[in-house]
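Inspection log for the structure reproduced underneath, given as C-alpha cells.
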Protein chains: 2
Amino acid sequence: MTAERLSKERLRLWLRMLRVTRQVESTLRERLRTEHDTTLPRFDVMAALYADGDGLKMNELSRRLRVSNGNVTGIIDRLVEDGCVERIAIEGDRRATRVCLTDAGRASFSKMAAEHERWINALFEGVAEEDAHHIGGLLHRLPTPLSDST
Amino acid sequence: MTAERLSKERLRLWLRMLRVTRQVESTLRERLRTEHDTTLPRFDVMAALYADGDGLKMNELSRRLRVSNGNVTGIIDRLVEDGCVERIAIEGDRRATRVCLTDAGRASFSKMAAEHERWINALFEGVAEEDAHHIGGLLHRLPTPLSDST
DNA sequence: TTTAAATTTTTTAAGCCTAAAGTATTTTTT
DNA sequence: AAAAAATACTTTAGGCTTAAAAAATTTAAA
C-alpha cells in the first residue's frame with residue numbers, strides 16, 4: 001500500500017518538474033528572442049561549443065545535447081548563416097566535420113551567458129544553496145543513460 | 001562572494017533539471033510512440049481533458065498546458081481525426097468551442113495513464129518518498145506565474 | 001445604435017524536432 | 001582486393017511550437 005503512495009508521489013514530483021522546467025524554458029526563450037534575437041536551441045548549441053575550445057563534431061554535439069543528428073544539422077546551418085559558427089573539415093576523415101564558434105559567435109555567446117546566469121539566479125531565488133545542493137545530488141543519480149559531464 | 005557561489009549552484013541545478021527532464025521526456029516520447037502510437041503532446045492534451053469531466057475551451061487548454069493557442073488548434077485537429085476528441089459548440093458564444101474526450105478517447109487514455117505512472121515510478125526509482133516530498137515542496141514555490149492545480 | 005475595444009479561435013511563416021531513409025566515406029571481413 | 005559492415009552526416013516527411021496577423025464574435029463606450 002505504501003508502494004502505491006510512493007508511486008503517486010513520484011508522479012506528482014515529475015509533473016511539478018515538468019511544469020517548472022517548461023515555465024523557465026518559456027521565460028528564457030522569450031528573453032533570448034527579445035533581447036538577443038536568438039533562440040534557446042541556438043543558445044544551447046553555442047554553449048556546448050563555447051565549453052569546448054576546439055569545437056565539436058556534429059556527432060558529439062547531438063549526443064551532448066540529447067537531440068537527433070538531423071536536428072543539429074538545421075541549427076548549425078542557421079548559425080553558420082548568421083556568422084556565429086563555422087564548419088571545418090577534419091583531416092583524415094572526409095565524412096565528419098568539426099564545428100567551431102567564430103570570434104563573433106564567441107563574443108556574442110559570452111555576453112548572453114552572463115545574462116543567462118542572472119536570469120536563472122533570479123528565477124530560482126526561492127532555492128537556498130543547501131537545497132540546490134541537495135536536489136542537485138538527487139538529480140545526479142536519476143535517469144541518465146548517457147551521463148557525460150553536466 | 002557567497003552570492004556568486006549561490007548563483008553558480010542555482011545554474012548547475014537548472015542544468016541538471018533540464019537534463020533529467022529531457023531524458024525522461026525522451027523516454028516517454030519513445031514509449032508512447034512504439035507502444036501506443038501517439039505523442040507526448042497528444043498525451044498531455046488528453047490528460048488535461050481527462051482530468052476535467054466536462055471538457056475545456058481551447059482557451060483554457062492552452063493556458064493549462066502553457067503552450068500557444070495556435071499550437072493547441074493543430075493537436076486537437078489531429079485528435080479529432082483520430083476520433084479521440086470532439087469539438088462541441090458552446091451555446092451563447094459562437095466564438096468559443098468546448099473540447100471533450102470521446103468514449104474511445106477516454107478509454108484509450110485511461111490505459112495509457114496507468115502505464116505512464118508505472119514508467120515514471122521506475123524512472124524515479126532513485127527517489128525516496130521523503131525526497132520526492134521535499135523537492136516537490138521546493139518546486140512548488142518556484143517560477144510559476146500561472147499556477148493552477150498541479 | 002454605432003463605434004471601438006476586447007475575446008476566442010484559426011491561419012501563417014519560420015524554426016525546432018524526430019525517425020527513417022539516403023549519401024559518402026572509412027573500417028572490417030572474407 | 002572485393003564485399004560487407006560500420007560511421008558521419010544530410011535529407012525528407014510529418015508533427016510540434018511560437019509569434020504575429022487575421023477572422024469572427026461579443027462586450028463596452030460614445
Side-chain angles (χ1 to χ4, degrees), chain A residues 18 21-23 25-46 48 55-82 84-85 87-99, chain B residues 18 21-23 25-46 48 55-82 84-85 87-99:
Chain A
L18 198 55
T21 301
R22 285 190 180 163
Q23 187 60 53
E25 276 190 307
S26 165
T27 303
L28 294 180
R29 240 178 263 281
E30 170 155 359
R31 294 203 181 150
L32 284 173
R33 183 176 61 83
T34 60
E35 297 181 29
H36 296 279
D37 193 29
T38 190
T39 67
L40 195 48
R42 274 173 167 89
F43 180 85
D44 289 343
V45 165
M46 292 177 81
L56 294 165
K57 294 199 300 180
M58 295 296 280
N59 213 349
E60 301 170 322
L61 209 39
S62 93
R63 234 181 314 118
R64 199 74 66 98
L65 300 174
R66 290 171 175 74
V67 299
S68 68
N69 43 6
N71 187 1
V72 174
T73 297
I75 297 172
I76 293 296
D77 284 350
R78 286 180 285 272
L79 282 172
V80 168
E81 273 180 30
D82 293 354
C84 293
V85 146
R87 283 186 169 95
I88 297 176
I90 289 182
E91 57 278 35
D93 192 341
R94 280 183 297 174
R95 296 168 303 181
T97 48
R98 200 160 47 86
V99 177
Chain B
L18 198 53
T21 301
R22 284 190 181 164
Q23 186 60 55
E25 276 190 307
S26 165
T27 303
L28 294 179
R29 239 180 263 282
E30 170 156 357
R31 295 202 182 151
L32 284 174
R33 184 176 60 83
T34 59
E35 298 180 28
H36 295 280
D37 192 31
T38 190
T39 67
L40 195 49
R42 274 173 167 89
F43 180 86
D44 289 343
V45 165
M46 291 177 80
L56 294 165
K57 293 199 302 180
M58 296 297 281
N59 214 349
E60 300 170 321
L61 209 39
S62 93
R63 235 180 313 118
R64 197 75 65 99
L65 300 174
R66 290 169 176 75
V67 299
S68 68
N69 43 5
N71 188 359
V72 175
T73 297
I75 297 173
I76 292 296
D77 283 350
R78 287 181 285 271
L79 282 172
V80 168
E81 273 179 31
D82 293 354
C84 293
V85 146
R87 284 185 167 96
I88 296 176
I90 289 183
E91 57 275 37
D93 192 341
R94 280 183 299 175
R95 296 168 302 181
T97 48
R98 200 160 47 88
V99 177

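Just so it is clear: chains get the letters A, B, ... in the order the sequence lines come, proteins before strands, and each one is counted from 1.
In terms of the salt bridge (charged side-chain N to carboxylate O under 4.0 Å, His left out) criterion, residue partners of Glu25(B) (sequence neighbours excluded) are, by chain and number, Arg22(A). In this view, Ile90(A) and Lys57(A), Asp93(A), Ala96(A), Arg98(A) satisfy the side-chain contact (heavy atoms from CB on, under 4.5 Å) rule, not counting sequence neighbours. With sequence neighbours excluded, the residues that form a side-chain contact (heavy atoms from CB on, under 4.5 Å) with Thr73(B) are Met58(B), Asp77(B), Arg87(B).
In this structure, Arg66(A) and Ser26(B) have side chains that are not in contact, with every pair of non-hydrogen atoms separated by 4.5 Å or more. A 4.5 Å side-chain heavy-atom check between Ile88(B) and Thr97(B) finds every atom pair outside the cut-off. Contact annotation: the side chain of Thr38(B) never approaches that of Arg33(B) to less than 4.5 Å [non-hydrogen atoms, C-beta and beyond]. At least one side-chain heavy atom of Val67(B) sits less than 4.5 Å from a side-chain heavy atom of Val72(B).
The residue Arg22(A) sits apart from the nucleic acid: no heavy atom pair falls under 4.0 Å. Nucleic acid contact for Ile75(A): sugar-phosphate only, since backbone atoms but no base atoms lie under 4.0 Å from a heavy atom of the residue. Residue contacts for Arg98(A): at a heavy-atom cut-off of 4.0 Å it reaches no nucleic acid atom on any strand shown.
Residues Asp44(B) and Leu65(B) come closest through the heavy atom pair O-CD2, 3.8 Å. Across every non-hydrogen atom of Ser62(A) and Asn69(A), the tightest pair is CB-CA, 3.9 Å.
In this structure, CZ of Arg29(B) is placed 9 Å from P of dC17(C), rounded to the nearest angstrom. In this structure, CG of Leu32(B) is placed 14 Å from C1' of dT18(C), rounded to the nearest angstrom.
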Any chance you could list the contact pattern along nucleotides 22-28 of chain C? Use B for base contacts, S for sugar-phosphate-only contacts and - for none, protein heavy atoms under 4.0 Å, 5' to 3'.
--BBS--
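Within the shown strands, dA13(C) is the pairing partner of dT18(D) under the Watson-Crick or G-U definition, both distances less than 3.5 Å.
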Please evaluate residues Arg42(A) and Leu32(A) with respect to the criterion side-chain contact (heavy atoms from CB on, under 4.5 Å), reporting the C-alpha separation (whole Å), side-chain torsions for both, the decisive distance (0.1 Å), and the verdict.
CA-CA 10 Å; Arg42(A) 274 173 167 89; Leu32(A) 284 173; over 6 Å; no
side-chain contact (heavy atoms from CB on, under 4.5 Å) between Leu56(A) and Val99(A), worked out
CA-CA 5 Å; Leu56(A) 294 165; Val99(A) 177; 5.8 Å; no
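Comparing Glu30(B) and Thr39(A) against DNA chain C, the residue whose closest nucleotide sits nearer the 5' end is Thr39(A).
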Sub-3.5 Å pairs of nitrogen or oxygen atoms, protein against nucleotides 10-13 of chain C:
unit_1, atom_1, unit_2, atom_2, d
dT10(C), OP1, Arg87(B), NE, 3.3
dT10(C), OP1, Arg87(B), NH2, 3.4
dT10(C), OP2, Thr73(B), OG1, 2.9

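Put simply, chain B comes within 4.0 Å of DNA chain D, heavy atom to any atom, from dG15(D) to dT26(D), going 5' to 3'.
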